[in-house]
K.L.:
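Dropping a structure here in structure tokens format, bear with me for questions.
Each chain gets a letter, A, B and so on, in the order its sequence line appears, and its residues count up from 1. Quick caveat, the model's predicted, so the values are computed rather than measured.
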2 protein chains.
Amino acid sequence: MRLLPHPATENIELTEVLRALSDPVRLEIVARLAVAGEMTCTVAGDDLGVHKSTASHHYRMLREAGVVLTKQVGRLKYMSLRRDDLDRRFPGLLDSVLNSVLGVGRP
Amino acid sequence: MRLLPHPATENIELTEVLRALSDPVRLEIVARLAVAGEMTCTVAGDDLGVHKSTASHHYRMLREAGVVLTKQVGRLKYMSLRRDDLDRRFPGLLDSVLNSVLGVGRP
DNA sequence: TTTATTGTTTGACAACGATCCAACTATACG
DNA sequence: CGTATAGTTGGATCGTTGTCAAACAATAAA
């Protein structure tokens, strides 16, 4: 198991997070991660309506913005929301976004 | 006094709001409006480090995304945050963003 | 070792966006 | 009317981004 490169919590930038969340495809991915927790790229990207290379591009955007954490296990890559990191840095932001997308709050 | 064209509250899209807030210059404008309330474009755009036409471009982005309301009085245009509209549509979102930018909550 | 699975990379392309400059419009003020 | 003020628009430029397709890399399974 190995971790991919991610920005440290204190280096997560608000504008980059907002930018990352401003794409419908990425917002859908984030919503799925919020509901189902950790999941592989294939599952997260199922039926998104975009090519798998496009989805891969979005995974990278999310990771580099500090929104998701990705760890590799074998040939699978598991993504999960960096909820605690985001909440420490921008309190309430992710919750309000998820609330608007999902119509519910934190589980 | 006349109002410029704006999206109705129910037509404000989350991704467009996030996109509008994801630019540093626009975020600074929004922060100023949050602190000082209604202000003219000239005041809101003072010392932003960009050309006035660039600032004008940003005003438009913010207006079309539903973030600000613009009304013209004589040759002045007054901008203000659509706090209530945004809060009804995406509860807590603007507050959390402003909180992260300004380090304080709603006045 | 061959084959299948998982995901990334590279290249190409079109669209968008941030920026500046110059010209323009509209309103107000002498 | 002539001039200053407030802000927008159009053109040009340059970088970014969302997309697909094809090739690739890495790992697991047969």
Side-chain angles (χ1 to χ4, degrees), chain A residues 1-6 13-30 32-33 36 38-80, chain B residues 1-6 13-30 32-33 36 38-80:
Chain A
M1 204 275 282
R2 65 191 182 82
L3 236 62
L4 273 61
H6 296 79
E13 292 291 334
L14 178 58
T15 51
E16 290 179 27
V17 171
L18 294 172
R19 181 78 182 72
L21 297 176
S22 72
D23 179 272
V25 173
R26 288 193 291 262
L27 201 51
E28 171 64 24
I29 295 171
V30 167
R32 291 179 183 189
L33 291 172
E38 194 175 63
M39 55 206 304
T40 67
C41 291
T42 298
V43 174
D46 183 53
D47 268 332
L48 279 181
V50 295
H51 195 277
K52 65 172 181 170
S53 62
T54 303
S56 181
H57 159 70
H58 287 310
Y59 306 149
R60 181 182 189 154
M61 293 278 126
L62 289 170
R63 177 168 47 84
E64 291 182 346
V67 176
V68 307
L69 184 137
T70 308
K71 49 183 169 180
Q72 181 161 1
V73 181
R75 65 180 159 184
L76 301 180
K77 288 188 180 172
Y78 289 89
M79 285 190 298
S80 57
Chain B
M1 205 273 282
R2 65 192 182 81
L3 236 62
L4 273 61
H6 296 80
E13 292 291 334
L14 178 58
T15 51
E16 290 179 26
V17 171
L18 294 172
R19 182 78 183 71
L21 297 176
S22 72
D23 179 273
V25 172
R26 288 194 291 263
L27 202 50
E28 170 64 24
I29 294 171
V30 167
R32 292 180 182 189
L33 290 173
E38 194 175 64
M39 55 206 305
T40 66
C41 291
T42 298
V43 174
D46 184 53
D47 268 329
L48 280 181
V50 295
H51 196 277
K52 65 172 182 171
S53 63
T54 302
S56 181
H57 160 71
H58 288 308
Y59 306 149
R60 181 182 189 154
M61 293 279 126
L62 289 170
R63 177 167 48 83
E64 290 182 347
V67 176
V68 306
L69 185 138
T70 309
K71 49 184 170 180
Q72 180 160 4
V73 181
R75 66 180 159 183
L76 300 180
K77 288 188 179 173
Y78 290 91
M79 284 190 299
S80 57

K.L.:
Using atom CG of A/Leu4 as one end and atom P of C/dT6 as the other, report the distance to the nearest whole Å.
P.N.:
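Going from CG in A/Leu4 over to P in C/dT6 covers 17 Å.
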K.L.:
Roughly, in whole Å, what's the span from CD in A/Gln72 to P in C/dT6?
P.N.:
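Result: 13 Å.
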K.L.:
Quick one: is A/Lys77 getting a side-chain N or O under 4.0 Å of the C/dT8 phosphate, OP1 or OP2?
P.N.:
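Checking A/Lys77 against C/dT8: at least one side-chain N or O falls below 4.0 Å of OP1 or OP2.
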K.L.:
Take A/Asp23 and A/Arg2, find for each the nucleotide of DNA chain D with the closest heavy atom, and name the residue whose nucleotide sits nearer the 5' end.
P.N.:
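Counting from the 5' end, the first nearest nucleotide belongs to A/Asp23.
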K.L.:
How many Å lie between CE on A/Met1 and P on D/dA26, as a whole number?
P.N.:
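Distance check: A/Met1 CE to D/dA26 P gives 20 Å.
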K.L.:
Any side-chain heavy atom of B/Val73 sitting closer than 4.5 Å to one from B/Tyr78?
P.N.:
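SC-SC contact between B/Val73 and B/Tyr78 confirmed.
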K.L.:
Nearest whole angstrom, please: distance from the P of C/dA22 to the NZ of B/Lys52.
P.N.:
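The distance from NZ of B/Lys52 to P of C/dA22 comes to 12 Å, rounded to the nearest Å.
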K.L.:
How many whole angstroms separate atom CG of B/Leu62 from atom C1' of C/dA18?
P.N.:
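From B/Leu62 CG to C/dA18 C1': 14 Å.
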K.L.:
Check the phosphate of C/dT8 against A/Ser56, side-chain N and O only, distance under 4.0 Å to OP1 or OP2. Yes or no?
P.N.:
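Yes, because at least one side-chain N or O of A/Ser56 sits under 4.0 Å from OP1 or OP2 of C/dT8.
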K.L.:
Can we say B/Glu38 and B/Lys71 salt-bridge, meaning some charged N sits less than 4.0 Å from an Asp/Glu carboxylate O?
P.N.:
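Judged by the 4.0 Å cut-off on N to carboxylate O distance, B/Glu38 and B/Lys71 do form a salt bridge.
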K.L.:
Can you check whether B/His51 has a side-chain N or O nearer than 4.0 Å to OP1 or OP2 of C/dT19?
P.N.:
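It does not, given that no N or O in the side chain of B/His51 lies less than 4.0 Å from OP1 or OP2 of C/dT19.
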K.L.:
Please report, rounded to the nearest Å, how far the P atom of C/dT8 is from the CG atom of A/Leu76.
P.N.:
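Between P of C/dT8 and CG of A/Leu76: 11 Å.
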K.L.:
Under the criterion side-chain contact (heavy atoms from CB on, under 4.5 Å), which of B/Val30, B/Leu33, B/Ile29 is the partner of B/Val67?
P.N.:
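Option passing the side-chain contact (heavy atoms from CB on, under 4.5 Å) with B/Val67: B/Val30.
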K.L.:
Between atom CG in A/Leu18 and atom C1' in C/dG17, what is the gap in whole Å?
P.N.:
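Checked: the CG to C1' distance equals 17 Å.
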K.L.:
Taking only side-chain nitrogens and oxygens of A/Arg26, does any of them come within less than 4.0 Å of OP1 or OP2 of D/dG18?
P.N.:
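Checking D/dG18 against A/Arg26, a side-chain N or O does come within under 4.0 Å of OP1 or OP2.
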K.L.:
As a test of understanding, state which of B/His58, B/His57, B/Glu64 forms a side-chain hydrogen bond (donor to acceptor under 3.5 Å, both in side chains) with B/Arg60.
P.N.:
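Considering B/His58, B/His57, B/Glu64, a side-chain hydrogen bond (donor to acceptor under 3.5 Å, both in side chains) with B/Arg60 is found only for B/Glu64.
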K.L.:
What I want to check is whether an N or O donor and acceptor connect the side chain of A/Ser53 with the base of D/dA21 at under 3.5 Å.
P.N.:
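Indeed there is one.
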K.L.:
Any chance you could measure A/Arg63, atom CZ, to A/Leu69, atom CG, to the nearest 0.5 Å?
P.N.:
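A/Arg63 CZ to A/Leu69 CG: 9.5 Å, rounded to 0.5 Å.
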K.L.:
Whole angstrom is fine here: how far is it from NE2 in A/His57 over to C1' in D/dG18?
P.N.:
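For the pair A/His57 NE2 and D/dG18 C1', the rounded distance is 6 Å.
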K.L.:
Which part of the nucleic acid, if any, lies within contact of A/His58, taking any heavy atom under 4.0 Å across all strands shown: a base, the sugar-phosphate backbone alone, or nothing?
P.N.:
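The answer is sugar-phosphate, as A/His58 gets under 4.0 Å only of primed atoms, P, OP1 or OP2.
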K.L.:
Please compare A/Gly74 and B/Arg63 by the position of their nearest nucleotide in DNA chain D and report the one closer to 5'.
P.N.:
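With A/Gly74 and B/Arg63 compared, the 5'-side residue is B/Arg63.
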K.L.:
Does A/Arg75 place a side-chain N or O at less than 4.0 Å from the phosphate oxygens OP1/OP2 of D/dA29?
P.N.:
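Checking D/dA29 against A/Arg75, no side-chain N or O comes under 4.0 Å of OP1 or OP2.
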K.L.:
When you measure from the side-chain N and O atoms of A/Arg19 to the phosphate of C/dG17, is any distance below 4.0 Å, counting only OP1 and OP2?
P.N.:
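So the side-chain polar atoms of A/Arg19 never come under 4.0 Å of the phosphate oxygens OP1 or OP2 of C/dG17.
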